[in-house]
J.: 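Sharing a structure, written as structure tokens. Questions coming.
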Amino acid sequence: MSKRDSVKFPRINLISLLAGALALASLFLPWWGLDASGFGSSVSPRWTLWNGPSTDSIFRGSTQPYPTLTSAGPIIGALVVISALLALAGSFTRNIRPLIGSFILSVLTPIAYLGVVSYAVTNSCNGQSNCLSGPFGTETVFGITLNWGFQMGFYLYLVAGTLTLVGLGFHRIFHKTISTPQKSSRQPSNSTR
């Protein structure tokens, strides 16, 4: 192969296309939930971004954080949709800005969701010692084991964010924008002698 021959990659950035698809798939999976088991039975309530807890039974104490978790979920879901759409749009264009926006959202959205869950769980305790002690954890009380934390949808979105970063690098290397021809540094003189 000579220097002028180059490998032709498809015009579609398949990595960011996959990242957008995974982000959209995460919308339909649970993002946070509980697993309670003991005495031969188990219960596993889990919530997607579109349906929060329907009752305050998981939170002992205040009823105020429960609506916070339920009402903030769709806002986080909207951010996921925007991030996915930007990743999908960035797959088909030479412009790198949609992928940069998607990556920024893929970093900020999980942080915001972590903050919302942390606020909801922490404020539901009202100083009680027998309630959830953060956004994730495990405790055993009277033979009942309770596990709570982030679920498959949350982790799938983190994978989508990582793939967006990889897709951004791929786009930067293999889908370079076409630059305008540069003027040569030497310009012919028009002066007559």
J.: Would a 4.5 Å heavy-atom cut-off, applied to side chains only, mark Thr109 and Ile76 as touching?
T.: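 Counting from C-beta outward, Thr109 and Ile76 do come under 4.5 Å.
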
J.: Do Ser16 and Ser91 meet the criterion of a side-chain donor-acceptor pair at a distance under 3.5 Å?
T.: yes

J.: Which heavy atom of Ala78 sits nearest a heavy atom of Trp50, and at what distance?
T.: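 For Ala78 and Trp50, the tightest heavy-atom pair comes out as N-CH2, 3.9 Å.
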
J.: Quick one: does Thr93's side chain have a donor or acceptor within less than 3.5 Å of a partner on Ala89's backbone?
T.: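 Answer holds: no.
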
J.: So, the side chain of Thr48 versus the backbone of Pro30: is there a donor-acceptor pair under 3.5 Å, distance only?
T.: no

J.: List the steps, then state whether side chain to side chain contact (heavy atoms under 4.5 Å, CB included) holds for Tyr113 with Leu49.
T.: CA-CA 10 Å; Tyr113 189 72; Leu49 293 174; 3.6 Å; yes

J.: What is the minimum heavy-atom distance between Leu99 and Thr164, and which atoms define it?
T.: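 The answer is O-CG2, 3.8 Å.
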
J.: Can you name the nearest heavy-atom pair linking Gln151 to Gly33, along with the distance?
T.: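 Smallest interatomic distance, heavy atoms only, reads CG-N, 3.7 Å.
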
J.: Of all heavy-atom pairs between Pro110 and Val107, which one has the smallest distance, and what is that distance?
T.: CD-O, 3.5 Å

J.: Keeping the roles fixed (side chain from Trp31, backbone from Ser26), state whether a donor-acceptor pair exists under 3.5 Å.
T.: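 Side chain of Trp31 to backbone of Ser26, a donor-acceptor pair under 3.5 Å: yes, one is there.
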
J.: Please report the shortest heavy-atom distance between Leu163 and Ile15, naming the atom on each side.
T.: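 Heavy-atom minimum between the residues: O-CG2, 3.4 Å.
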
J.: Which heavy atom in Ser102 sits nearest to a heavy atom in Ala87, and how many Å separate them?
T.: OG-CB, 3.4 Å

